[in-house]
Amino acid sequence: MTGESQTLGLHAAKLGKRFSSKGGDVQALEDVNLEVQQGGFMSIIGPSGCGKSTLLRAFSDLVEPSIGEISVNGKMPAEARAAREFGVVFQSPNLLPWRTVLRNVTLPLQVMGVDRPTRNQTAHEMLELVGLGSFARHHPWQLSGGMQQRVAIARALSTNPSVLLMDEPFGALDEITRDRLNLELMRIWGQLSATILFITHSITEAVFLSSQIAVMSSRPGRITELIDVNLPYPRNAETRDMPEFYELVIEVRRALVEASAIAS
Amino acid sequence: MTGESQTLGLHAAKLGKRFSSKGGDVQALEDVNLEVQQGGFMSIIGPSGCGKSTLLRAFSDLVEPSIGEISVNGKMPAEARAAREFGVVFQSPNLLPWRTVLRNVTLPLQVMGVDRPTRNQTAHEMLELVGLGSFARHHPWQLSGGMQQRVAIARALSTNPSVLLMDEPFGALDEITRDRLNLELMRIWGQLSATILFITHSITEAVFLSSQIAVMSSRPGRITELIDVNLPYPRNAETRDMPEFYELVIEVRRALVEASAIAS
Amino acid sequence: MSKTDLGSEPVLSEEFENAYNPIGERLRAGIRQILVAILLLVIAATLWELAKLITGTGDRTMPHVWDILSFLGSTTSQNENYTWFLVKNAWSTAKASLIGLLVGTAFGLTTGISISRSKLVGNGLMPLIVAAQAVPIVAIAPALVLWLGTGGVTKTVITTYLTFFPVTVATARGIQSVPQESHELLRTYGASKRTSLRILEIPFASPLIFVGLETAAAFSVVGAIVAELPFGSKEGLGVVILTSWQFYITEPRALYCVALTSCVLGAIFVLSVRLIAYFALGPRSQGEVL
Amino acid sequence: GSSDDSGSADGGPDKIKLTLQWVTQAQFAGYHAALDQGFYADENLEVTIQPGGPDINPIQLLISGDSDIVIQPFGVVLTSREAGADVVSMGQVFERGAYRLVYFDDLDIGGVPDWAGKTIGLWGGFEPKVSAAFGKFGMNVDADANIFSQGWDMVAFLDGQLDLASAMTYNEYAQALAGNESDREILMWDPNEEGTATLEDSLVTTESWLAANPDIAERFIRATARGWIHCRDNPESCIEIVLANGTALPRDFQTWQMNEVNKLLWPSTNGLFNLTDGMYQETADILYNYGVIESPASKDSFDMSHRDRALRSEKMPEGDLYGNNFKPMDLDPRELFG
Amino acid sequence: MTTEDVAVIKNTESGGRGRNLPIGVVLTPTIFFASFLTIWELAVRLGDVQVLMLPAPSVIWSMFVEDFGLLVELAINTGIEAGKGVLIGSLIAIGLAGLVHGIQWLNQGLLSYSSTVKALPVVALYPVMTIFFGVTSKAVVAMVAVGVAPIMFTFASRGFSGTSEHDDLMRSISANWRIRMTALVLPRALPYVMAGLRTAVPLSIIISIISEYFGGSVSTLGAYIRRESTMLHTVQVWSAIVMACLLGVLVFVAVSLLDRYFLRWHASRREI
Ligand SMILES: Nc1ncnc2c1ncn2[C@@H]1O[C@H](COP(=O)(O)OP(=O)(O)OP(=O)(O)O)[C@@H](O)[C@H]1O
Ligand SMILES: Nc1ncnc2c1ncn2[C@@H]1O[C@H](COP(=O)(O)OP(=O)(O)OP(=O)(O)O)[C@@H](O)[C@H]1O
Ligand SMILES: [Mg+2]
Ligand SMILES: [Mg+2]
């Protein structure tokens with residue numbers, strides 16, 4: 001499809017998506033060109049309703065693009081999904097209410113046919129990672145919103161996927177927990193050398209984490225600016241104190257303001 | 001119950017709430033004392049799972065406290081609810097899937113018996129306010145996460161309540177939309193002189209909006225610090241550039257770090 | 001509150017705005033459904049003939065499909081066209097079914113709502129209803145005849161009795177499935193029980209209630225037929241079934257014909273309910289119920 | 001009672017509701033004929049005939065006052081009396097019983113002793129005839145045979161699930177003949193010959209109704225007798241009447257049934273509708289000996305006085321209550337049911 | 001919950017999780033039932049109703065006690081027939097619904113079809129069943145299965161046709177058919193299946209009794225009721241009816257317990 005099936009990472013070319021309904025048609029994506037190299041960390045930022053989730057869902061084969069080309073690790077999204085190459089964190093926690101927290105985390109491992117002791121152990125490790133070790137036997141409705149989202153993150157990480165698609169994973173978390181998980185994510189990313197597509201509303205978070213930031217405008221949803229983040233790795237608490245960090249934050253904010261202006 | 005039934009605003013004294021379940025008991029709230037004067041704007045900030053939502057739900061009579069006293073405008077929460085004195089924005093959008101966006105917003109007015117033309121007009125105004133005027137006839141599942149949350153905000157504002165209980169209302173929004181809605185909220189608050197209890201994870205948002213900030217620690221959830229925000233009103237874009245603003249942000253962050261340290 | 005009581009707005013049609021499926025499309029879907037049903041009937045007939053062929057079953061046990069159908073063209077001993085004769089009897093049964101279905105639905109909805117609303121009613125009434133449900137209708141029918149006579153009242157009572165239960169269970173279950181979050185939402189508005197019934201519980205439970213109604217519609221036909229049995233009324237499918245059963249050996253096709261007629265009548269009832277559901281709800285995803 | 005030919009108090013005809021044992025068929029031709037031919041009207045009676053069905057006990061309708069007269073086996077009168085109902089027979093319609101057990105000839109059943117170990121289909125209410133037969137040969141029905149509750153059709157018998165099946169000569173027997181596709185012959189065991197028959201169709205009412213309406217009873221019996229006599233003499237007419245009143249009944253079957261039913265009444269040994277002490281005693285003994293009733297029956301269970309008055313009166317136009325010249329039609333079942 | 005006109009937040013059919021649960025569950029129906037019986041008893045006694053018309057509850061009760069052993073034996077036979085029928089019917093129906101779910105046209109077609117079969121009255125179908133299975137308890141079981149299957153199919157297929165955001169999840173992890181069924185589709189359909197069982201199980205008892213009534217093994221409730229009613233043994237008939245009711249309640253309670261167990265995660269079970 002892409003002609004360059006050897007290329008790893010994420011690719012989209014001239015991607016468009018139109019939703020039609022009685023209330024009127026919505027051009028959610030238009031002419032989106034995107035390339036995340038293997039091992040790259042791309043953040044997407046943009047006004048509410050601009051099409052970020054739609055883009056991510058197109059990569060995870062949950063939305064059929066109306067037009068354009070798209071590939072994940074050189075495969076079509078459907079193939080990549082079948083090969084279990086990616087993990088997805090949805091915008092809502094999306095937990096199965098009838099399963100305990102632990103069994104929600106083990107679900108993708110179960111799908112892969114991992115035996116029970118191994119998957120339970122992995123799940124416990126992941127829950128410790130997100131600070132929910134003692135809630136393994138609770139049901140989702142017994143958790144706070146932020147805790148549910150952390151379970152969803154643990155679930156996505158449990159399979160060590162080579163591509164991670166994350167839709168506002170830390171949106172429901174307080175800044176301290178968020179900072180901690182940002183550091184964890186950096187560490188995991190370093191270890192796995194995964195390709196990450198990351199949607200966020202926090203400019204500082206985007207700058208702190210990404211190697212590149214895409215800024216989107218809405219209706220039609222397109223990428224208005226691509227900002228490279230040339231901060232040194234490994235990033236840690238001190239990264240936030242660097243002057244380049246602030247310059248980048250200001251630049252992204254400007255781009256976002258401009259993108260938002262297009263919208264309304 | 002409180003003995004001081006003339007007092008308006010929100011009061012809680014020695015409030016405690018314990019959830020028990022198979023996975024173990026959780027002390028969600030312990031010895032919480034809180035007072036928001038009539039027309040006051042109190043933000044609550046704290047680590048994920050510390051009991052913020054539980055506290056707000058106790059005020060809105062959705063959770064029965066295990067111990068302690070609580071009042072809304074001098075009444076017991078149940079009475080205040082029956083008198084329709086408060087509007088609630090939940091942590092999740094909580095829209096009825098079979099109703100259009102417009103009819104989700106008119107819902108509370110319909111319950112109150114407002115005639116159809118009036119409530120439709122009010123709902124349209126509210127939708128314009130949150131930037132969703134053209135989505136009135138869509139269904140909730142056709143909206144992005146942030147858009148759904150904005151519908152929920154429009155719904156809560158539509159009744160002009162004297163008490164507003166808001167659980168991370170802007171959590172799913174980008175910074176630009178968020179800033180705009182922050183200003184709108186300030187304006188509405190000024191007009192209505194409503195009492196607002198506001199849960200947020202954003203320290204800057206808390207400082208920008210509140211007259212007072214309560215910082216909570218988790219397990220057991222208690223209020224560790226109360227910080228007065230003595231920035232002048234009306235607050236606007238310039239407020240964010242004041243040095244006092246940054247001092248307050250740093251103070252709240254410190255309090256939050258301390259509270260989080262207690263947690264783990 | 002007074003402005004918004006139940007009468008002031010049509011509950012269903014407005015509650016469900018079908019944004020995603022215009023009427024034309026729904027109509028087409030309905031027609032497709034009927035076509036598929038016909039196709040399945042043809043398949044069933046083929047299977048019947050195949051089974052007959054393979055097992056070598058005689059015509060007495062399994063008459064040929066065409067033989068059964070051709071019997072519809074015969075005349076009765078009263079020189080009446082057999083099809084017309086069946087239609088006449090089906091009509092008489094249909095009237096009784098409809099009355100019973102309406103009464104049973106009204107009772108069922110009321111009871112279902114009360115059960116889901118009040119612990120007292122739920123706990124006190126449910127076991128009784130269940131016990132009553134287990135009363136074998138054939139055993140109680142004679143007693144009913146004694147008290148209510150051999151007229152239409154008995155028929156209505158029996159039909160009501162059969163239809164009432166599925167509606168009750170579905171209504172109660174549907175309302176109980178309303179998510180806690182939605183209840184909380186209406187609670188914060190201080191919505192009265194009646195308002196939240198109208199705005200939240202009924203709309204939410206409707207898909208399940210309609211499933212129950214479909215079952216009830218089928219049962220209403222069964223009920224009317226059973227009610228025709230105890231005293232050999234002169235009219236109705238029940239009587240025809242009885243006679244055809246008795247003379248099965250000499251004319252097996254008659255029993256199959258009348259059994260098919262009962263099915264068709266039941267199907268008309270059920271499909272009518274489904275049609276109403278279709279236009280009231282649209283193809284709204286039933287999964288939203290949970 | 002009131003004087004002859006008088007109607008009810010307001011001058012109109014007296015109303016009677018008659019409930020049959022089963023749906024309309026030639027078994028009840030006499031009553032339909034009496035209604036259709038105006039015999040009831042001649043007696044100033046307005047009779048409503050209510051067909052029965054599988055799921056109603058007519059005796060209960062009597063007790064509840066829903067019906068005035070019902071058609072039931074005389075045995076039921078005895079069991080009902082024991083259960084506390086004040087029911088009474090005022091005329092025995094079928095002098096002979098139609099109940100048989102049928103079986104195929106290849107079963108080599110010579111007599112009752114051969115029933116041991118066989119599967120027998122029985123209907124509720126008719127077991128005593130078979131129990132009594134078992135008892136006569138020192139056997140026990142429950143211990144020595146497999147008893148099945150039989151449906152209304154003969155398929156189970158024809159398919160070999162039942163060795164012996166219950167059958168009425170006017171109904172199931174014909175079905176068995178009609179449905180028999182094998183070249184085996186169907187044989188019958190007749191409890192009348194064994195002396196273990198119990199009396200079948202009887203005119204049943206309550207003692208209290210009878211006491212209050214002796215005159216109406218008399219007129220009813222007379223008109224009904226004329227109906228049955230009409231059917232004896234004009235079977236074709238009665239078949240038409242039955243078909244007109246029934247629901248899609250097959251004509252060939254009603255022809256057969258009319259003929260068989262006539263054989264149960266005619267020729268009559270003791271006179272139409274008569275229930276003699278001897279007949280009573282045989283049924284009463286069987287029911288008592290086989291535990292169907294727990295205490296001996298009493299002769300209060302039948303009252304022939306109205307029957308006697310009704311039929312001996314000069315008002316009975318056609319006087320042949322014996323039908324000694326009766327000749328049944330000669331029907332070949334194979335031909336009849338094709 | 002102080003104000004009366006406020007929507008009830010917690011609503012469960014047989015009580016919530018509170019500690020007062022067993023008392024409420026047992027006491028309320030007992031009171032309802034006791035008053036029902038008292039009215040009946042008084043009506044019969046004061047109205048001087050004949051035993052043959054309607055026996056008083058006390059009379060029925062003593063007969064029930066006297067014949068208890070026999071009645072239990074009959075009820076067990078009937079219950080086994082009904083149980084087998086429900087099992088076979090439900091398995092076929094749920095299996096079929098599961099197989100065709102997603103195949104929209106086939107599903108819809110089978111739905112129409114099942115509604116047709118659902119309208120088949122026992123009395124019309126039973127003769128056909130006896131033709132295939134003989135006048136045996138097999139025919140009764142088949143009858144129950146045929147009666148139960150369409151109901152279960154309707155409910156199950158509605159349950160299976162549900163969609164939610166969880167479908168996205170399953171798709172994103174490329175779950176195979178088996179796991180999608182066990183981890184998502186079946187649990188999501190479970191409330192529907194349980195609602196179906198609540199209708200189907202009491203119905204199965206009625207169907208088997210009606211079938212037995214029209215012929216079959218003699219030692220079942222239906223055959224017993226028929227036999228005794230021809231002899232006008234009204235009290236025996238009523239005591240058998242009482243046994244039938246008990247059987248119905250028993251199986252319903254069993255279904256309810258299953259329901260509680262399987263749906264313990266469900267919204268209506270939550271603590272406030
Ligand atoms: N299933 C759908 N049907 C119709 N319209 C849809 C559908 N899904 C999304 N849309 C529309 O597409 C647009 C983009 O939605 P999307 O969810 O991608 O936004 P987003 O950028 O993720 O917003 P947010 O930050 O609020 O989550 C919105 O205008 C939305 O209304
Ligand atoms: N219904 C419930 N049953 C049992 N435990 C509960 C229930 N609701 C909340 N909890 C527990 O109470 C604690 C506080 O929950 P709460 O929702 O108030 O947190 P929060 O401060 O709002 O967190 P977040 O910022 O993540 O939304 C958590 O540990 C949670 O597990
Ligand atoms: Mg989104
Ligand atoms: Mg919360």
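These values consider heavy atoms only, across backbone and side chains, with no hydrogens, waters or symmetry-generated copies. Convention: sequence-line order gives letters A, B, ...; per-chain numbering from 1.
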Which of [options] touches chain A most, by non-hydrogen pairs under 4.5 Å:
{"options": "B:G145, B:A136, B:G51", "value": "B:G145"}
{"options": "B:S144, B:S92, B:S53", "value": "B:S144"}
{"options": "B:K52, B:R178, B:Q149, B:M147", "value": "B:M147"}
{"options": "B:V101, B:L132, B:L173", "value": "B:L173"}

| message | Keeping B:D174 on the side-chain end and A:S48 on the backbone end, is there a donor-acceptor pair under 3.5 Å? | response |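 A pair under 3.5 Å: yes.
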* Asked: So, the side chain of A:H201 versus the backbone of B:G171: is there a donor-acceptor pair under 3.5 Å, distance only?
  ->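 Looks like no, no N/O pair under 3.5 Å.
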Taking everything shown except B:I67 itself, do over 12 heavy atoms lie less than 6.0 Å from its CD1?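 No, because the 6.0 Å sphere around CD1 of B:I67 holds 12 heavy atoms or fewer from other groups.
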Partner of B:E175 under side chain to side chain contact (heavy atoms under 4.5 Å, CB included), chosen from A:I45, A:V257, A:I203:
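With B:E175 as partner, side chain to side chain contact (heavy atoms under 4.5 Å, CB included) holds for just one option, A:I203.
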Measuring only between side-chain heavy atoms, which start at C-beta, is A:V26 closer than 4.5 Å to B:Q142?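 Side-chain contact under 4.5 Å: no.
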>> Can you tell me which portion of B:R180 sits under 4.5 Å from chain A's heavy atoms? Options are side chain, backbone, both or neither.
In response: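 B:R180 has no heavy atom closer than 4.5 Å to chain A.
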